[in-house]
There are 2 protein chains.
Amino acid sequence: MLKTRTVQRTTLIQPREQPRQMSVELPLGQILDGDCVEAMRSIPSGTIDMIFADPPYNLQLGGDLDRPDGSRVDAVDDDWDKFASFATYDDFTQRWLGEARRILKPNGSIWVIGSYHNIFRVGTAMQDAGFWILNDVVWRKSNPMPNFKGTRFTNAHETLIWASMGEKAKYTFNYRAMKTLNDELQMRSDWVLPICGGQERLKKGGTKVHPTQKPEALLYRVMLATTNPGDVVLDPFFGTGTTGAVAKRLGRQWIGCEREGNYREAALERIESALPLDESALKVMQSKRSAPRVAFGALVEAGYVPAGSTVTDKKRRFSATVRADGSLVSGKESGSIHGLGASLQGAPSCNGWTFWHMEGEKGLQPLDDARQLYLLATED
Amino acid sequence: MLKTRTVQRTTLIQPREQPRQMSVELPLGQILDGDCVEAMRSIPSGTIDMIFADPPYNLQLGGDLDRPDGSRVDAVDDDWDKFASFATYDDFTQRWLGEARRILKPNGSIWVIGSYHNIFRVGTAMQDAGFWILNDVVWRKSNPMPNFKGTRFTNAHETLIWASMGEKAKYTFNYRAMKTLNDELQMRSDWVLPICGGQERLKKGGTKVHPTQKPEALLYRVMLATTNPGDVVLDPFFGTGTTGAVAKRLGRQWIGCEREGNYREAALERIESALPLDESALKVMQSKRSAPRVAFGALVEAGYVPAGSTVTDKKRRFSATVRADGSLVSGKESGSIHGLGASLQGAPSCNGWTFWHMEGEKGLQPLDDARQLYLLATED
DNA sequence: AGACTATTTGAATCCGTTA
DNA sequence: CTAACGGATTCAAATAGTC
């Protein structure tokens with residue numbers, strides 16, 4: 001099912017020249033087969049809005065590792081994570097970053113995720129290539145694998161680097177959406193999210209399809225923060241397609257590169273069944289609103305209350321749609337769960353947690369029930 | 001008040017040669033004046049247990065470029081500036097890391113703290129110099145400065161890199177002490193600590209003495225985790241002496257390097273008034289690995305576990321008889337308490353001390369209880 | 001059904017000493 | 001250098017099994 005679409009291409013030949021617009025064909029919604037550097041060569045220059053890259057970490061693991069209970073840890077021992085030396089890894093990094101930089105729009109941005117094994121080398125290569133680091137973001141895992149031998153600190157986080165094309169380059173940052181998602185507080189550079197498991201983890205015959213599948217909530221926040229609906233997102237290390245699945249949910253265009261056939265197959269099947277959200281749910285808050293006390297947005301992000309779902313009051317007199325950033329919209333009015341509840345009732349204030357309900361297994365249940373579940377799952 | 005003390009110096013000239021001990025003079029409790037690379041040259045090789053470094057990273061900010069030696073780089077061309085700035089910074093980093101590596105003991109370790117501006121370059125330089133990264137630790141600030149312009153994520157963390165001298169090198173890690181500090185859970189790689197303020201923040205005439213004074217709690221955890229009392233800690237970028245103040249409190253020796261006279265002055269005054277903890281308070285939880293070994297046979301010999309008695313696992317699925325030499329026999333199989341336990345379970349290994357139990361006053365008790373009694377009775 | 005317990009598992013540079 | 005061996009070492013969440 002090959003699909004191409006005409007998109008606007010922006011080039012910036014010389015610094016003072018106005019960006020020119022021209023029409024090019026992009027392989028939207030496709031997974032390009034083969035090495036990512038080769039695959040990216042088929043993409044015209046200056047056409048991609050955002051790149052999310054999850055390159056091999058070059059873990060350099062030694063022997064086997066047993067848990068205290070005697071079971072064996074399933075190590076990442078795939079060939080694609082083996083490099084002869086730091087120099088080999090640096091060369092690999094420079095090559096794919098070079099192509100990434102070529103195909104990004106002048107106002108595009110790039111995200112790369114890694115661990116201490118590789119992230120310092122990646123960050124250095126990004127700076128050397130001319131990228132301008134905007135933030136390093138720490139993914140704090142709520143349920144990391146322990147250090148079984150008691151030899152170091154529990155490796156409980158991974159690092160993401162977010163960078164623009166240069167010091168003076170513009171970039172997309174949906175500040176208001178992030179603030180709404182974070183309970184009216186500025187979104188910080190440390191994000192607490194669980195690792196990918198449970199129903200979300202792709203499995204085939206009881207075993208995981210990909211050893212390092214990333215959680216959709218991570219990509220959700222990345223895309224919501226730094227892209228707009230309709231933007232083209234490219235992932236050079238597509239794996240089982242988390243980037244594609246979230247892009248589809250959030251109304252973004254996507255392109256993947258992946259050389260492993262079984263990963264491509266699993267990714268296509270997965271993205272096929274992903275449900276895009278309503279357009280109204282994708283609009284992010286534009287105006288300032290009063291501060292809810294608890295981050296309803298985190299529940300939306302984590303899937304406790306899906307974006308696009310409908311909430312009502314107990315007597316079903318009012319209803320509203322949940323948007324991607326955790327705000328509600330009802331007709332022409334929008335706001336936080338508290339603000340919109342108060343506004344619709346003509347009341348001075350409203351506790352949105354008890355006012356709004358959603359259909360659950362036990363019938364209509366207040367949002368507060370979901371909050372309790374979330375608190376139980378995320379509390380330190 | 002110059003003070004020198006004789007310490008043990010460990011050198012490892014050639015791989016197969018035994019470390020030699022010799023007496024050298026170290027400027028303990030002193031702040032060396034001048035550039036840190038020059039200052040470290042006066043320290044003998046292989047004499048320092050741990051280095052904590054908080055290098056400057058404002059070398060390419062704000063348009064004005066300062067060389068590490070304090071001179072100004074002329075602004076010429078944007079790209080050239082950036083390249084020159086990174087190259088200059090890398091050269092500076094390589095030079096001070098090289099000296100740091102020379103003066104560290106073979107089993108010493110190094111900590112470096114930084115932000116996204118410099119930490120990737122520092123981490124790459126550390127790996128290239130042969131250091132082996134043990135963890136990257138995220139200091140998550142509980143009260144960071146907001147991003148006033150709303151253009152990025154709130155920069156709410158800094159990164160620390162902890163590394164040993166090489167892949168095979170040993171290092172100090174007080175695992176039990178960290179676990180105790182963290183409410184009996186493994187200490188993670190993300191630490192939540194407030195920034196330095198209040199009474200702790202050094203001020204003179206209402207303004208802060210140092211722009212990036214680190215909180216003592218941060219150094220406290222670093223030193224408690226990776227040094228022992230009496231160890232020598234060196235800080236090449238001493239500033240206002242947080243490292244020295246905490247070292248004094250925790251009964252560690254310290255050496256600082258600082259070229260700014262007003263920082264040295266403030267640091268000396270501060271450290272003078274720091275109160276060292278009682279020796280008893282310095283003791284931390286020790287891991288069992290560091291406890292003296294006890295042969296099970298010694299317990300049999302001493303009558304703590306009579307020869308001929310029966311031991312079982314906790315669920316009484318396996319049982320064995322204790323023989324006079326401290327071996328166990330179960331049916332046709334026999335072996336050490338560990339070997340037989342592993343063999344019976346089909347496990348790769350087994351801790352016989354906690355696996356095997358014997359009938360005691362309080363019901364089934366692990367052999368480890370008898371070991372503790374034996375240790376108490378035989379210790380000096 | 002529901003409460004409780006047991007099992008499984010996740011990007012991991014994961015032991016130390018002696019022969 | 002490798003091999004042997006004593007024995008130290010795990011957290012959160014999802015899932016499966018049991019009462």
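Numbers restart at 1 for each chain; the letters A, B, ... are given by sequence-line order, proteins then strands. The shown structure was predicted, so the numbers you read here are calculated from the model rather than taken from an experiment.
Of the C1' atoms belonging to C:dT7 and D:dT10, the separation is 14 Å, rounded to the nearest Å. For the C1' atom pair drawn from C:dT13 and D:dG6, the interatomic distance equals 25 Å after rounding to whole Å. Taking the C1' atoms as reference points, D:dG7 lies 15 Å from C:dC14, given to the whole Å. If you take atom C1' in D:dT15 and the same atom in C:dA11, they sit 23 Å apart, rounded to whole Å. Using P as the reference atom, D:dA16 and C:dA1 are 16 Å apart when rounded to the nearest Å.
For A:K214, no side-chain nitrogen or oxygen approaches OP1 or OP2 of C:dA11 to under 4.0 Å. Proximity of A:R72 to the phosphate of C:dT8: no side-chain N or O atom is located under 4.0 Å from OP1 or OP2. Note on B:H338: a side-chain N or O is less than 4.0 Å away from OP1 or OP2 of D:dG7. Taking only side-chain nitrogens and oxygens, A:Q213 never comes nearer than 4.0 Å to OP1 or OP2 of C:dA11. One finds a side-chain N or O of A:R201 lying less than 4.0 angstrom from the OP1 or OP2 phosphate oxygen of C:dA11. Here A:S115 does not reach the OP1 or OP2 of C:dA11: none of its side-chain N or O atoms lies under 4.0 Å away.
Taking atom CD on B:E184 and atom P on D:dA12, their separation rounds to 13 Å, with Å as the unit. One atom, CD1 of A:I195, and another, C1' of D:dT10, lie 14 Å apart when rounded to the nearest Å. Atom pair A:K82:NZ and C:dA12:P shows a separation of 14 Å (rounding to whole Å applied). Residue A:D66 contributes atom CG, which lies 14 Å from atom C1' of C:dT9 at whole-angstrom precision. For A:K203 and D:dA14, the NZ to P distance is 11 Å, given to the nearest whole Å. The separation between B:Y175 atom OH and D:dG7 atom C1' is 15 Å, rounded to whole Å. For the pair A:Q199 CD and C:dG10 P, the interatomic distance rounds to 15 Å; values are reported in whole Å. When the P atom of D:dG7 is taken as reference, atom CG of B:L367 falls 11 Å away, rounded to whole Å.
Geometric assessment of B:R101 against the ring of B:F131 yields a positive cation-pi assignment under the 6.0 Å and 45° thresholds. Taking the ring centre of B:W191 as origin, the terminal cationic atom of B:R221 falls inside the region bounded by 6.0 Å and 45° from the ring axis. Cation-pi contact between B:R121 and A:F120: absent, since separation from the ring centre below 6.0 Å together with deviation from the ring axis within 45° is not met. Taking the ring centre of A:W139 as origin, the terminal cationic atom of A:K141 falls inside the region bounded by 6.0 Å and 45° from the ring axis.
The base of D:dA8 lies outside donor-acceptor range of the side chain of B:S287, with no N or O pair under 3.5 Å.
Both B:T354 and A:G197 lie close to DNA chain D; mapped to their nearest nucleotides by heavy-atom distance, the more 5′-ward contact belongs to B:T354.
Residue-level contact check: A:P55 touches the bases, meaning some heavy atom is under 4.0 Å from a base atom. Note on A:W139: nothing from the nucleic acid sits closer than 4.0 angstrom, heavy atoms only. Counting any heavy atom pair closer than 4.0 Å across all strands shown, A:D81 reaches a base atom. Here B:C350 lies in heavy-atom contact (under 4.0 Å) with a base. Heavy atoms of A:N118 sit nowhere under 4.0 angstrom from any nucleic acid atom. Residue B:R371 is in sugar-phosphate contact alone, with no base atom involved, counting any heavy-atom pair closer than 4.0 Å across all strands shown.
Using the six-membered ring where Trp is involved, B:F173 and A:F153 have ring planes that are perpendicular, over 60° apart on the 30 and 60° scheme.
In this model, no donor atom of one side chain and acceptor atom of the other lie less than 3.5 Å apart for B:T312 and B:H357.
With both pairing distances under 3.5 Å, C:dG2 is matched to D:dC19 as a Watson-Crick or G-U wobble pair. Remark: D:dA4 base-pairs with C:dT17; criterion is Watson-Crick or G-U wobble with both hydrogen-bond distances under 3.5 Å. Pair assignment for C:dT8: D:dA13, on the basis of Watson-Crick or G-U wobble contacts that are both within less than 3.5 Å.
Note that CE of B:M223 and OG1 of B:T227 are 6.5 Å apart. Values are rounded to the nearest 0.5 Å.
Of the residues A:Y263, A:W111, A:W96, the one that meets the ring pair (Phe, Tyr, Trp, His ring centres under 6.0 Å) test with A:F237 is A:W96.
Look at C:dT13: its glycosidic torsion is within 90° of 0, and that puts it in the syn range.
Salt bridge A:K82/A:D79: absent, no basic N to carboxylate O contact under 4.0 Å.
Between the side chain of B:D231 and the main chain of B:N228, a donor-acceptor pair closer than 3.5 Å is present.
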Heavy-atom contacts, protein to nucleotides 13-19 of chain C, under 4.0 Å, summarised as B (base), S (sugar-phosphate only) or - (none) per nt, yield BBSBS--
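Counting only heavy atoms from C-beta on, A:K141 has its side chain closest to C:dA11 among C:dA11, D:dC11, D:dA8.
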